[in-house]
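These values consider heavy atoms only, across backbone and side chains, with no hydrogens, waters or symmetry-generated copies. Everything numeric here is computed off the predicted structure, so don't read it as measured data.
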Amino acid sequence: MLETQNLTKIYEDGRTAVDHLNLKVEPGEIFCMFGANGAGKTTTINLFLNFIPPTEGTALIEGIDVVREPLRSKEFVSFVSENVTLYGNFTAIQNLDYFTKLSGKRGLGKADYARALESVGLQKDVFDARSKTYSKGMRQKLGLAIAIIKDAPNIILDEPTSGLDPKSGQEFLNLLAGMRDKGKSVFMSTHDIFRAKMIADRVGFMKNGKMGLLMTRDELKGQDLTELYVQFMDERD
């Protein structure tokens, strides 16, 4: 489970990026967060991953305070960013091997890595090509494979569908559904309203660091999510 308790981040210039956020993403749930650039979505993710310290409040991964026990908390989460960082001179297989061992997981071989790459739709003929030759979409798929093979109970995704073509986007949704079926908590920051409505169990709308609106899948039925988003963003605080 992923949880925040009054999580707050105020930067040195006085800007409040996250304002007393209280949120839970339960096991077996896909939660999608929407918001304009600067709304606080990426800051929330950075706080979860302990990339930056909170001003106030707590971020918890499996009940573990990410500030007090940063290394232990990271054992229970996988992260895929919008711009996946890879070793350009490594092949897909080599990148998978490196990051898997870095996460502390042992005993996997090339066949295991190949299955993970196949599951995200990466073409077999590039498994042994250097990743610096990959398109953005191919890099995203490799990043997803790294997250999947770690098999953590919680997944955090920052704009994961950026660079994916329609076929790859559908394959990605199938992967998310599989993660949910395995009881994983999935937190996704996205602008991809179409795909989010297809897969999300809940959505949240963030503005000025505050979660202003939360809706379940049932509440979204018959609703135009794009229209809801525009209305929310146009509302005065």
Would you name the heavy atoms of Leu86 and Ser131 that are closest together and state the gap between them? CB-OG, 3.9 Å
Under the side-chain contact (heavy atoms from CB on, under 4.5 Å) criterion, do Asn6 and Asn22 qualify, and how do the steps go? CA-CA 5 Å; Asn6 291 318; Asn22 290 286; 3.1 Å; yes
Answer with yes or no whether the hydrophobic clustering places Met138 together with Phe172; edges join I, L, V, M, F, W, Y residues whose side-chain heavy atoms lie under 4.5 Å apart. yes
Any non-hydrogen side-chain atom of Asp158 less than 4.5 Å from a side-chain atom of Phe79? yes
Within a strict 4.5 Å, meaning less than it, do heavy atoms of the Leu173 and Thr161 side chains meet? no
Are the side chains of Asn83 and Lys136 in contact, using a 4.5 Å heavy-atom criterion? yes
With sequence neighbours excluded, what pairs up with Glu29 under the salt bridge (Lys or Arg N to Asp or Glu O under 4.0 Å) test? Arg202
Give a yes/no verdict on a cation-pi contact between Lys150 and Phe99, requiring under 6.0 Å between NZ or CZ and the six-membered ring centre and an angle within 45° of the axis. no
Between Asp97 and Lys110, is the closest basic N to carboxylate O distance under 4.0 Å? no
Any heavy-atom pair between the side chains of Asn95 and Tyr113 that's under 4.5 Å? no
I'd like to know if Phe48 and Leu71 are part of one continuous hydrophobic network [Ile/Leu/Val/Met/Phe/Trp/Tyr, side-chain heavy atoms within less than 4.5 Å]. no
Tyr134 and Val126 have their tightest heavy-atom pair at OH-O, 2.5 Å
With heavy-atom distances below 4.5 Å as the criterion, would you say the side chains of Met188 and Leu176 are in contact? yes
Are Leu49 and Leu102 connected into the same hydrophobic cluster when the rule is that any two of I, L, V, M, F, W, Y join if their side-chain heavy atoms are below 4.5 Å apart? no
Could you please spell out the steps behind the side-chain contact (heavy atoms from CB on, under 4.5 Å) verdict for Asp128 and Gln94? CA-CA 8 Å; Asp128 292 312; Gln94 289 170 332; over 6 Å; no
Heavy-atom side-chain proximity of Leu117 to Lys141 below 4.5 angstrom: no
Between NZ on residue Lys74 and OG on residue Ser103, distance to nearest 0.5 Å: 13.5 Å
Without swapping roles, check the side chain of Asn154 against the backbone of Phe76 for a donor-acceptor pair under 3.5 Å. yes
Identify every side-chain donor-acceptor pair in residues 30-43 under 3.5 Å, counting partners at least two apart or on other chains, and give the distances.
unit_1	atom_1	unit_2	atom_2	d
Lys41	NZ	Gly35	O	2.8
Lys41	NZ	Ala36	O	3.2
Thr43	OG1	Tyr11	OH	3.2

Nearest 0.5 Å, what's the CD1-CG distance between Ile193 and Leu225? 5.0 Å
Does Lys105 reach the main-chain N or O of Ile149 with its side chain, forming a donor-acceptor pair under 3.5 Å? yes
Return the minimal non-hydrogen interatomic distance between Ala145 and Ala116, and the atom names on each side. CB-O, 4.0 Å
So which atom in Gly28 and which in Asp201 form the shortest heavy-atom distance, rounded to 0.1 Å? O-OD2, 4.0 Å
Same cluster or not: are Ile156 and Ile148 linked, directly or through other Ile, Leu, Val, Met, Phe, Trp or Tyr residues, by side-chain heavy atoms under 4.5 angstrom apart? no
CZ of Arg217 to NZ of Lys197, rounded to nearest 0.5 Å, is 10.5 Å
Neighbour count >12 (heavy atoms, 6.0 Å) for atom CZ, Arg106: yes
Is Asp13 reaching over with its side chain to a backbone N or O of Arg15, donor-acceptor style, under 3.5 angstrom? yes
Just do the side-chain contact (heavy atoms from CB on, under 4.5 Å) check on Phe187 and Ile45 with the steps written out, would you? CA-CA 9 Å; Phe187 177 99; Ile45 289 173; 3.7 Å; yes
Any chance you could lay out the side-chain contact (heavy atoms from CB on, under 4.5 Å) test for Ile52 and Leu47, step after step, and finish with the verdict? CA-CA 6 Å; Ile52 56 175; Leu47 289 166; 3.8 Å; yes
For the CG atom of Leu60 and the CD atom of Glu69, what is their distance to the nearest 0.5 Å? 10.5 Å
Would you indicate whether the side-chain heavy atoms of Pro153 and Met1 approach each other to under 4.5 Å? no
Closest approach of Lys132 to Asn89 (non-hydrogen atoms, all atoms of both residues): NZ-OD1, 3.0 Å
Identify whether Leu157 and Val66 are in the same connected component of the hydrophobic contact network (ILVMFWY, side-chain heavy atoms under 4.5 Å). no
CG/Leu144 to OG/Ser78 distance, rounded to the nearest 0.5 angstrom? 10.5 Å
Tested for side chain to side chain contact (heavy atoms under 4.5 Å, CB included) against Met211, the lone hit among Leu21, Val18, Asp19 is Leu21
Ignoring hydrogens and geometry, is there a side-chain-to-backbone donor-acceptor pair from Ser189 to Glu159 under 3.5 Å? no
Does Gly57 offer a backbone N or O that forms a donor-acceptor pair with the side chain of Thr8 under 3.5 Å? no
Sub-3.5 Å donor-acceptor pair from the side chain of Ser73 to the main-chain atoms of Ile61, do we have one? no
For Lys207 and Phe232, indicate whether the former's side chain and the latter's backbone hold a donor-acceptor pair under 3.5 Å. yes
With sequence neighbours excluded, what pairs up with Glu118 under the salt bridge (Lys or Arg N to Asp or Glu O under 4.0 Å) test? Lys124
Smallest separation among heavy atoms of Val84 and Val80, with atom names: CG2-CG1, 4.1 Å
Arg195 side chain vs Gln170 backbone, donor-acceptor pair below 3.5 Å: no
Indicate yes or no for a side-chain donor-acceptor contact from Gln140 to the backbone of Pro160 under 3.5 Å, with no hydrogens or angles considered. yes
Spacing of CG belonging to Leu23 relative to CG belonging to Leu2, to within rounding of 0.5 Å: 8.5 Å
Look only at the side chain of Asp234 and the backbone of Gln231, and say whether a donor-acceptor pair between them is shorter than 3.5 Å. no
